[in-house]
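Reviewing the structure listed below.
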Amino acid sequence: MRLIWNVAGLAILLGLLQIANGESSSSRAEGMSTAVRPIATLADQPLSERVVAYQIDARFDPAKHTLDATEVLTYRNPTGRPQDTFPFHLYLNAFQPQSTFVREGHREHRDLQWEEKYRASADIKSLEVVGIGDLTAKIKFISPDDGNPDDRTVFQVTLPRPVGPNESVQFKIVFHDQFGQIVARTGYRNHFMMGAQWFPKVGVWWQGAWNCHQFHSDTEFFADFGAYDVKLTLPQNEVVGASGIEISEIKNNDGTKTLTFRGEDIHDFAWTAQPDFQVVEGEFNGSMGGVKIRVLMQPGHMNQADRHLRIVRETMKRFDDWYGPYPYKQITVVDPGDFRAGGMEYPTLFTGDVTWWAPAGLHLFEQVVVHEFGHQYWYGMVATNEFENAWLDEGINSYTECKILDDIFGREKSGLDLWGLTEGDSAQQRNSYLGTPDFDPMTRFAYQFATGASYGDVTYGKSATVLYTLEKVIGEATLRRALRTYFMRYRFMHPTQEDFLKTVEEASGQNLRWYFDQAVYGTNILDYEISSARSDRLDWYLEKPPEEKKGSTSYRTEILVHRKGDFIFPVEVQIKFDNGESVIEHWDGKDRWVRYAYEKKAKVVSAELDPEHSLLVDRNFFNNSYADQEDTRARWKIVNYWTWCTQLLMQCLSWLA
Ligand SMILES: [Zn+2]
């Protein structure tokens with residue numbers, strides 16, 4: 001998902017959008033999509049080791065916002081050992097006032113009030129293991145992360161006899177969902193329905209143990225790859241989008257229809273329904289053939305349909321060229337009916353942004369679409385553990401979002417290009433990092449960050465900034481190659497953060513532990529400053545020194561460079577003299593300070609750290625330069641103040657958007 005809003009912005013936005021959404025329902029048009037439904041083909045060969053196969057037969061009642069379903073889950077035991085206990089997620093139970101999700105959310109946003117319309121639940125009516133019998137009575141809710149006895153987002157069941165290695169076990173689960181009004185990602189708003197995290201999902205056996213965390217306010221998801229066969233029965237007037245591809249539609253006599261979807265080599269299944277979705281289709285021709293782009297637009301937004309298609313194609317092209325192919329046959333893009341379901345990724349489906357009406361130069365809309373498509377790679381295919389290593393998905397994805405937007409709009413304009421004001425997406429990521437730079441390392445488990453702000457600032461902003469700065473160490477092209485190797489090697493594999501870091505070291509041929517220990521595993525702050533810069537006449541001691549004359553008076557120039565933070569990084573210092581001479585010094589940064597001294601017939605004009613401005617993790621750019629007061633070339637300092645003004649404007653616009 002993409003974090004843009006801070007708390008104040010969110011509160012203002014909430015109010016504004018509630019007004020806007022209330023109006024939009026009255027303009028709802030009747031009828032189904034006019035688009036033709038092509039039947040896409042499925043992959044010939046499995047792309048993943050298919051651990052799970054879900055067959056779900058579900059009936060959705062949009063009037064009551066309920067869903068009744070039977071799920072048959074076939075699980076092939078890949079763990080190499082007998083297993084008798086299986087944990088499952090029941091995410092929908094997070095939307096209850098005593099859940100861990102709401103408790104943590106309340107800690108972060110005390111002004112947000114609980115309302116009963118937000119309540120949602122998933123109830124297991126029965127759980128049977130084929131060949132063993134009914135085990136409904138054996139269901140036990142557990143809270144492995146915080147022991148909250150009122151949290152019902154994870155249950156486990158123990159079988160009377162274990163399932164052997166590579167044997168399959170079949171669970172038949174009958175369940176009932178009650179959706180609530182959308183708080184986050186899932187539920188309804190007016191006639192818009194987002195069906196996410198809606199079915200019992202088995203945990204992942206990972207690194208020698210079950211990994212099945214509770215649903216927290218700042219965690220996302222982790223699941224095994226497999227095949228999904230989902231039948232969804234709902235009123236005939238509903239227009240539906242879903243993960244995978246639709247393979248059949250049957251009209252029933254009771255006014256409903258049954259849609260059948262098949263999704264292969266994916267690890268979750270989400271769907272959306274709304275009677276007046278307008279469907280727009282396009283195509284992307286990538287290195288693995290054609291991909292259908294199916295966009296479900298809100299009826300009043302059709303003038304934005306091409307903008308959606310355009311940015312999706314631009315993004316897919318760059319991902320294909322730079323990191324690897326998109327192997328699925330379809331991508332579904334949802335223009336959400338509520339911003340709280342927006343900016344969220346699911347396999348082969350994602351929700352876009354509601355800020356399409358903001359000024360075009362404010363690239364919020366493009367940032368969200370590029371970001372959510374990017375998740376198809378880092379979350380959808382590489383599929384790292386978002387509970388424990390959230391940065392591997394959100395951080396790498398924020399970095400690739402910046403790179404793609406830089407390529408489309410230009411590095412200095414990729415975030416904002418409005419009324420003569422410009423700002424890069426990378427500057428925005430850095431700005432977010434500076435909000436809470438040192439409470440938590442990037443490697444903290446997502447639900448253990450000090451605050452939600454720290455989670456967002458570090459997982460997105462810092463991680464992207466750390467990767468940008470890594471370009472300085474190994475080169476932009478090498479980092480791109482490392483990301484491609486990482487993607488191609490580990491897609492469908494659930495890699496760890498060490499898998500990623502070692503791939504970067506391998507691609508660069510360098511031992512990068514000095515950097516990773518500080519930037520990734522540590523909370524070190526990088527801040528270098530030009531502490532002082534001065535030129536004194538060599539003949540200062542004479543009682544009557546000759547008149548000062550440019551080009552003939554000799555000076556001793558001393559530059560004192562100080563490492564203020566505990567992050568050690570080699571830096572360059574550029575010193576310019578008034579005779580046009582320029583000197584570049586390289587400092588390893590290991591000591592706390594270094595002094596450079598010169599004797600010349602010239603005075604210092606400026607001294608600047610990191611003259612290429614590539615050290616984005618530097619916390620403070622303001623102290624990176626010294627310029628003689630009369631020197632009109634003190635541009636960098638002015639640029640810094642300008643950036644500050646731009647960011648203030650950006651923040652204000654974000655609140656309004
Ligand atoms: Zn994201």
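Just follow the structure's listing: the first ligand is 1, and inside any ligand the first atom is 1. Keep in mind that the numbers below use all heavy atoms, side chains included, and drop hydrogens, waters and symmetry copies.
- There is no side-chain donor-acceptor pair under 3.5 Å between His89 and Gln197.
- Annotation: angle subtended at the Zn ion (ligand 1) by His375 NE2 and His371 NE2 is 90°, to 10°.
- Under 2.8 Å from the Zn ion (ligand 1) lies an N/O/S atom of Met1, whether from backbone or side chain.
- Judged purely by atom type and a 3.5 angstrom limit, Tyr377 uses its side chain to pair as donor or acceptor with the backbone of Tyr326.
- Side-chain atoms of His363 and Asp417 include no donor-acceptor pair closer than 3.5 Å.
- When distances to the Zn ion (ligand 1) are checked against a cut-off of 2.8 Å, Glu394 contributes an N, O or S atom below that limit.
- Tyr328 places a side-chain heavy atom less than 4.5 Å from the side chain of Met381.
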